[in-house]
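All of these numbers come straight from a predicted model, not from anything done at the bench.
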Amino acid sequence: MNFFKKIFFSKYEQFAKELGYRTWSEASDNTFFMFHIPEDGGWYVTELPNRTWAVWNNEGDPPYSFVTFLTWSETIRYLRKLFNEYCYPETYWAPEGYGIDDDMFLNPPQKDKKL
């Protein structure tokens, strides 16, 4: 692994530790994409080991700042409010972890429905 790739990967490992996981792979398994932001970024949610939720976006370099919520209901309301405040096109809203008929405002995303 080259030097720059090693440094970049270690920043994701550090971010994973801040989220309460041992590795980025573990954190990534519990992370769901929620919506796009210009230019090529996105907002994500990560279910934390203590069953709370972290909301973060991938602007800049990791480790990213995040906000935590106790419940899924608080989490999804925060994300949708943020989305609406920025007036993003509705096509940018693309939560993963849901089937066509699933209600994302009632139920958290599911790992078996990740893209």
task: I would like to know whether Asn58 and Phe33 meet side chain to side chain contact (heavy atoms under 4.5 Å, CB included); could you show each step before the answer?
output: CA-CA 11 Å; Asn58 64 351; Phe33 178 82; over 6 Å; no
Heavy-atom check, side chain of [X] versus side chain of [Y], under 4.5 Å:
X: His36; Y: Trp43; value: no
X: Glu47; Y: Thr52; value: no
X: Tyr78; Y: Val55; value: yes
X: Arg51; Y: Leu70; value: no
X: Ile37; Y: Phe83; value: no
X: Pro108; Y: Trp53; value: yes
X: Pro109; Y: Tyr98; value: yes
X: Pro38; Y: Tyr88; value: yes

message: Taking the six-membered ring for Trp, are Tyr92 and Phe35 closer than 6.0 Å centroid to centroid?
response: no
query: Mind checking whether Tyr64 and Phe15 have ring centres under 6.0 Å apart?
result: yes
- request: Check whether the side chains of Trp56 and Thr46 place a donor and an acceptor atom closer than 3.5 Å, and report yes or no.
  value: yes
Polar side chain donor-acceptor pair, Glu13 to Ser10, under 3.5 angstrom: no
Is it true that a side-chain atom of [X] and a backbone atom of [Y] form a donor plus acceptor pair closer than 3.5 Å?
X: Trp72; Y: Met104; answer: yes
X: Thr31; Y: Ala27; answer: yes
X: Lys17; Y: Arg22; answer: yes

statement: Residues Pro62 and Lys11: closest non-hydrogen pair is O-CD, 3.2 Å
message: I'd like to know whether Lys114 forms a salt bridge (Lys or Arg N to Asp or Glu O under 4.0 Å) with Asp29, so could you lay out the CA-CA distance, the side-chain angles of the two residues, the decisive distance to 0.1 Å, and finally the verdict.
response: CA-CA 9 Å; Lys114 280 181 80 165; Asp29 286 345; 5.5 Å; no
task: Give a yes or no on whether Asn50 atom CG has more than 12 heavy-atom contacts from other residues, nucleotides or ligands under 6.0 Å away.
output: yes
query: Salt-bridged, Glu90 to Arg80, with N to O below 4.0 Å?
result: yes
- request: Please answer: with hydrophobic residues joined when any side-chain heavy atoms are less than 4.5 Å apart, are Phe32 and Phe66 in the same cluster?
  value: no
ILVMFWY cluster, Tyr12 and Val45 together (side-chain gap under 4.5 Å): no
message: Distance check, rounded to the nearest 0.5 Å: Glu96 atom CD versus Lys113 atom NZ?
response: 13.0 Å
